[in-house]
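Since we're looking at a predicted model, the values are computed, not measured. Residue numbers start at 1 and run along the sequence shown.
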Amino acid sequence: MVEQGHHGHHGHHGHGGQMTPEQQMQMMQQEIRLAKNLSQIKHKIVVMSGKGGVGKSTVAANIAETLQSMGYKTGILDADIHGPNIPKMLGIDMFEEEFNQFQFDAFKQLVEEDMASKDLSQDEQRQLIEDKKAEYQHSIFPVTTPSGLKVMSMAFLIDGLDRPIIWRGPQKTGAIKQLISDAHWGELDFLIIDNPPGTGDEPLTVLQTIPDADLVLMVTTPNVVSQEDVLKCVKMVKMMNIDNIGLIENMAYYICPHCDEKLHIFGEGNGKAFADEMEITYLGDLPIEESVSKSPYNEATISTLDPDDEVSKRFKEIIGKVKKEFLE
């Protein structure tokens, strides 16, 4: 599905001279598909973190599920090549073979629906199939969860999670770009992109590929190390001329199951002060909850499991704030 061939060597340095006319044509066509794809998506939110282990993917998955439950057509793109865990969090267990079968079925359904709406002769039917094949030859159909959330991940393109992906940089950035340009999202209200942690090539590629992101969401925890890493990330995003940046402080407190008291295990978070210092928008904090860490095994994210849960309410509040600050 993801070509591991020649679209590496020019990377993002743009040595156009080294490309054959065919490669230049392929790149141009990909750019056109990308523009067309992104134009159908109203709002794009990129989720980032300075380092791993801050619960970034959990936050991304919950934001996507919350938006979907609020009636918005939502997609989530898992751009983390080395640890693509969004599908697992959403209860999707699908790898290369099943995913290829899913692609075939999705295309077949698309063609059958189109045929059913028209009265065609056999020759016309054959022609329609050929036309559709040409139209969708580059498309990758995202997997849809029971709630209607559309999901695309690198995890679908490998033959099992125990196989590590060992790629050179340009192959990785090429694969990420391809996931963004070729996933057949259709019309969406929101696309959430879960970026790999840090400030490397992959997060940079996502930001370059989606220059009109409505919001970059930084996830941090209440400790100093995490904050230093976030600062680096924020600087990188600002260098890309993206000013809409929000901060969520995850694992900020624990609610005692016996007395409902808020306990700040990792020290009192100063997320608001930290956000102000960096001149970005503070969007709120989230508790540590057993149900969140267990959610992958419940086949659902916490926000869909229990809408009255403290965390579900916090995610709705955060989304309310995102809309008010960045989208209205």
Side-chain angles (χ1 to χ4, degrees), residues 41-49 54-80 84-92 142-153 183 185-195 210 213-221 244-253 255 271 275 281-328:
I41 299 164
K42 280 186 203 152
H43 302 296
K44 304 154 193 90
I45 296 175
V46 179
V47 182
M48 295 181 72
S49 70
V54 297
K56 170 185 58 63
S57 295
T58 309
V59 170
N62 275 286
I63 282 180
E65 280 282 28
T66 304
L67 283 164
Q68 183 67 30
S69 73
M70 290 166 80
Y72 295 106
K73 280 187 273 191
T74 308
I76 184 164
L77 174 74
D78 183 0
D80 195 340
N85 50 14
I86 290 282
K88 187 178 155 201
M89 284 182 179
L90 297 170
I92 303 169
V143 178
T144 308
T145 68
S147 67
L149 178 68
K150 291 182 176 178
V151 186
M152 189 59 224
S153 170
W185 300 108
E187 286 186 16
L188 288 182
D189 296 309
F190 285 92
L191 177 63
I192 310 298
I193 300 103
D194 183 30
N195 241 340
I210 307 180
D214 294 81
L215 168 64
V216 172
L217 208 63
M218 295 285 168
V219 180
T220 180
T221 51
N244 291 354
I245 308 171
L247 181 80
I248 289 178
E249 195 170 33
N250 194 22
M251 309 183 201
Y253 55 92
I255 297 167
T281 307
Y282 182 63
L283 291 170
D285 56 6
L286 291 162
I288 300 168
E289 261 208 356
E290 280 177 81
S291 44
V292 173
S293 57
K294 284 207 299 259
S295 65
Y297 312 103
N298 290 342
E299 305 276 303
T301 47
I302 181 70
S303 50
T304 48
L305 283 175
D306 182 1
D308 300 323
D309 183 88
E310 158 95 4
V311 182
S312 302
K313 286 178 186 154
R314 297 294 292 127
F315 275 109
K316 282 203 177 78
E317 282 165 25
I318 286 169
I319 285 167
K321 212 162 174 185
V322 164
K323 282 163 66 179
K324 191 168 140 279
E325 297 280 342
F326 299 103
L327 307 178
E328 283 170 8

Heavy-atom pair with the smallest gap, counting every atom of [X] and [Y]:
{"X": "Ala64", "Y": "Thr74", "result": "O-CG2, 3.7 Å"}
{"X": "Ile193", "Y": "Ala79", "result": "CG2-CB, 4.2 Å"}
{"X": "Met152", "Y": "Pro142", "result": "SD-CA, 4.3 Å"}
{"X": "Leu215", "Y": "Gly246", "result": "CD1-N, 3.6 Å"}

Is [Y] close to [X] at the side-chain level, that is, under 4.5 Å between some pair of heavy atoms?
{"X": "Leu90", "Y": "Ile76", "result": "yes"}
{"X": "Ile319", "Y": "Phe190", "result": "no"}
{"X": "Asp285", "Y": "Arg314", "result": "yes"}
{"X": "Val322", "Y": "Leu283", "result": "yes"}
{"X": "Thr281", "Y": "Phe326", "result": "yes"}
{"X": "Glu249", "Y": "Tyr282", "result": "yes"}
{"X": "Leu217", "Y": "Ile63", "result": "yes"}
{"X": "Val151", "Y": "Asp78", "result": "no"}

Interatomic distance, [X] atom [atom1] to [Y] atom [atom2] [nearest 0.5 angstrom]:
{"X": "Gln68", "Y": "Asp189", "atom1": "CD", "atom2": "CG", "value": "9.0 Å"}
{"X": "His43", "Y": "Leu188", "atom1": "NE2", "atom2": "CG", "value": "11.5 Å"}
{"X": "Leu286", "Y": "Thr221", "atom1": "CG", "atom2": "OG1", "value": "12.0 Å"}
{"X": "Ile245", "Y": "Met48", "atom1": "CD1", "atom2": "CE", "value": "9.0 Å"}
{"X": "Thr66", "Y": "Lys316", "atom1": "OG1", "atom2": "NZ", "value": "6.5 Å"}
{"X": "Glu187", "Y": "Ile41", "atom1": "CD", "atom2": "CD1", "value": "10.5 Å"}

Go through it in stages, so that I can follow the logic: the residues are Phe315 and Glu65, the test is side-chain contact (heavy atoms from CB on, under 4.5 Å), and I'd like the CA-CA distance, side-chain angles, deciding distance and then a yes or no. CA-CA 10 Å; Phe315 275 109; Glu65 280 282 28; over 6 Å; no
If we ignore hydrogens and angles and just use 3.5 Å, is the side chain of Lys150 paired with the main-chain N or O of Trp185 as donor and acceptor?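 The answer is yes, because a donor-acceptor pair under 3.5 Å joins these two groups.
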Looking at Asp214 and Lys42, is there a salt bridge between them, counting it only when a charged N and a carboxylate O are closer than 4.0 Å?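 A salt bridge is absent here (no side-chain N lies under 4.0 Å from a carboxylate O).
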For the side-chain contact (heavy atoms from CB on, under 4.5 Å) test, which of Leu77, Asn62, Leu67 pairs with Ile192?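 Considering Leu77, Asn62, Leu67, a side-chain contact (heavy atoms from CB on, under 4.5 Å) with Ile192 is found only for Leu67.
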